[in-house]
Number of protein chains: 2
Amino acid sequence: MNNDKTIESMSDLLKIVGDKTRLKMLAFLKQGERCVCEFVDLFDLSQPAISQHLKKMRAAGLINERKQGTWVYYRLNDQLPSYVTEIIQALPLLETKTCDCQATGLSIPLETLK
Amino acid sequence: MNNDKTIESMSDLLKIVGDKTRLKMLAFLKQGERCVCEFVDLFDLSQPAISQHLKKMRAAGLINERKQGTWVYYRLNDQLPSYVTEIIQALPLLETKTCDCQATGLSIPLETLK
DNA sequence: CACTTATATAATAGTATAATTATATTAGTT
DNA sequence: AACTAATATAATTATACTATTATATAAGTG
């Protein structure tokens, strides 16, 4: 086995995790699944910026997505290296602001209930 | 307490840890104290680059230094956040090449023994 | 089908990070 | 004191990252 390759892959993953915005996203995801629109509401960033952060975390295997209609929900991957799990555990729990798409507590669009 | 500040400080620390070269340095330091000259030998990088990486890790509180004559030895700080300890534990053990300044196994310059 | 909403992608500009070369500092040696 | 070796700092360049604006896609609705 190649040690340098291990270190490089750890570096790649830690660089993804180490960004302030992405850490905050991970902190929110500790509480469960969240839709993209919630991040757009919660962060003082443009929607494309949010989308690109989520893409990077998805590509790194940190999060998984679930699509429901136009909405996309992300959740933490439950198979993460222990050192990543430890980082996420160390993150503070953040206050939840409820987004329209979660107002029902059902995590699905209201329209689908009509 | 301010959650954003916690996240920001975690981000700052993870950015320091997440660099490939610095991760490799931390992997070497798992085996114990090392002098700067060893890093200069072991890495395919200029001496100033090594020095700057060590400075950042020192400033972040990841490592401690001990000066002995012209030589400077660094070791892991033994009081690190658990999530950092976990990262270091996950690093592979790297082969040790012995440097002149460690040839005695005493970690001190030969000249001081004269 | 035109319109709206949610999300993603592309192009680009701004900022941060790490590398190099050059130079300074500090300790030890002759 | 001059010389060498080890390390640090400064200045600069190159590269990588993140944010923005503009645009595309895809689903849902009237």
Side-chain angles (χ1 to χ4, degrees), chain A residues 7-8 11-25 33-60 63-74 99-103 107-114, chain B residues 7-8 11-25 33-60 63-74 99-103 107-114:
Chain A
I7 288 175
E8 196 154 344
S11 170
D12 290 342
L13 192 50
L14 286 169
K15 263 183 250 176
I16 300 296
V17 172
D19 177 84
K20 184 169 135 51
T21 300
R22 290 188 291 261
L23 270 182
K24 200 168 171 182
M25 287 175 158
E33 198 177 53
R34 295 206 162 272
C35 94
V36 176
C37 63
E38 289 182 276
F39 291 121
V40 173
D41 281 358
L42 288 161
F43 289 78
D44 193 21
L45 278 179
S46 66
Q47 174 270 318
I50 301 292
S51 189
Q52 287 169 57
H53 281 301
L54 290 167
K55 182 181 189 175
K56 284 187 184 180
M57 292 205 286
R58 203 178 346 119
I63 57 177
N64 296 119
E65 71 171 10
R66 177 175 69 86
K67 292 188 180 179
Q68 182 139 25
T70 36
W71 296 345
V72 181
Y73 295 86
Y74 285 98
C99 178
D100 289 344
C101 66
Q102 299 243 333
S107 291
I108 55 172
L110 278 172
E111 288 75 14
T112 63
L113 300 174
K114 282 185 195 162
Chain B
I7 287 175
E8 195 153 345
S11 170
D12 290 342
L13 193 49
L14 286 169
K15 263 183 251 176
I16 300 296
V17 172
D19 176 85
K20 183 169 135 52
T21 301
R22 290 189 290 261
L23 270 183
K24 200 168 171 182
M25 287 175 159
E33 198 176 53
R34 296 208 161 269
C35 94
V36 176
C37 62
E38 289 182 276
F39 291 121
V40 173
D41 281 0
L42 288 162
F43 289 78
D44 194 21
L45 277 179
S46 66
Q47 174 270 318
I50 301 292
S51 190
Q52 287 169 53
H53 281 301
L54 290 167
K55 183 182 189 174
K56 283 189 184 180
M57 292 205 286
R58 203 177 347 118
I63 57 177
N64 296 119
E65 71 171 10
R66 177 175 69 87
K67 292 186 180 180
Q68 181 139 24
T70 37
W71 296 346
V72 180
Y73 296 86
Y74 284 98
C99 177
D100 290 343
C101 67
Q102 298 241 334
S107 291
I108 56 173
L110 279 172
E111 289 74 13
T112 64
L113 300 174
K114 281 184 195 160

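At least one side-chain nitrogen or oxygen of B:Ser46 sits closer than 4.0 Å to the OP1 or OP2 atom of C:dT20. For the OP1/OP2 pair of D:dA8 and a distance below 4.0 Å, the side-chain nitrogens and oxygens of B:Ser51 include at least one atom meeting the criterion. Phosphate contact (OP1/OP2 of C:dT9, side-chain N/O of A:Lys55, threshold under 4.0 Å): present.
Nucleic acid contact class of A:Tyr74 (heavy atoms, under 4.0 Å, all strands): sugar-phosphate only. Using a 4.0 Å heavy-atom distance criterion, A:Phe39 is classed as making no nucleic acid contact. Residue contacts for B:Lys56: at a heavy-atom cut-off of 4.0 Å it reaches the sugar-phosphate backbone alone, with no base atom in range.
Regarding B:Ile50, its CD1 atom lies at a distance of 12 Å from the C1' atom of C:dA18, rounded to whole Å. To the nearest angstrom, C1' of D:dA8 lies 15 Å from CE of B:Met57. When rounded to the nearest whole Å, the span between CD of B:Gln47 and P of C:dT20 equals 11 Å. At whole-Å resolution of the value, CG in A:Asp12 and C1' in C:dT17 are 16 Å apart.
Where A:Lys15 and A:Asp44 meet DNA chain D, the nucleotide closest to each residue was compared, and A:Lys15 sits on the side nearer the 5' end. When each of A:His53 and B:Pro48 is assigned the nucleotide of DNA chain D with its nearest heavy atom, B:Pro48 is the one assigned upstream, toward the 5' end.
Of all non-hydrogen atoms in B:Arg22 and B:Lys15, the two that sit nearest each other are NH2-O, 3.4 Å.
Using bins of under 30°, 30° to 60° and over 60° for the plane-to-plane angle, the ring pair B:Phe43/B:Phe39 lands in the tilted bin.
A heavy-atom distance below 4.5 Å is found between the side chains of A:Leu14 and B:Leu23.
In this structure a side-chain-to-backbone donor-acceptor pair under 3.5 Å is missing from B:Gln52 to B:Ala49.
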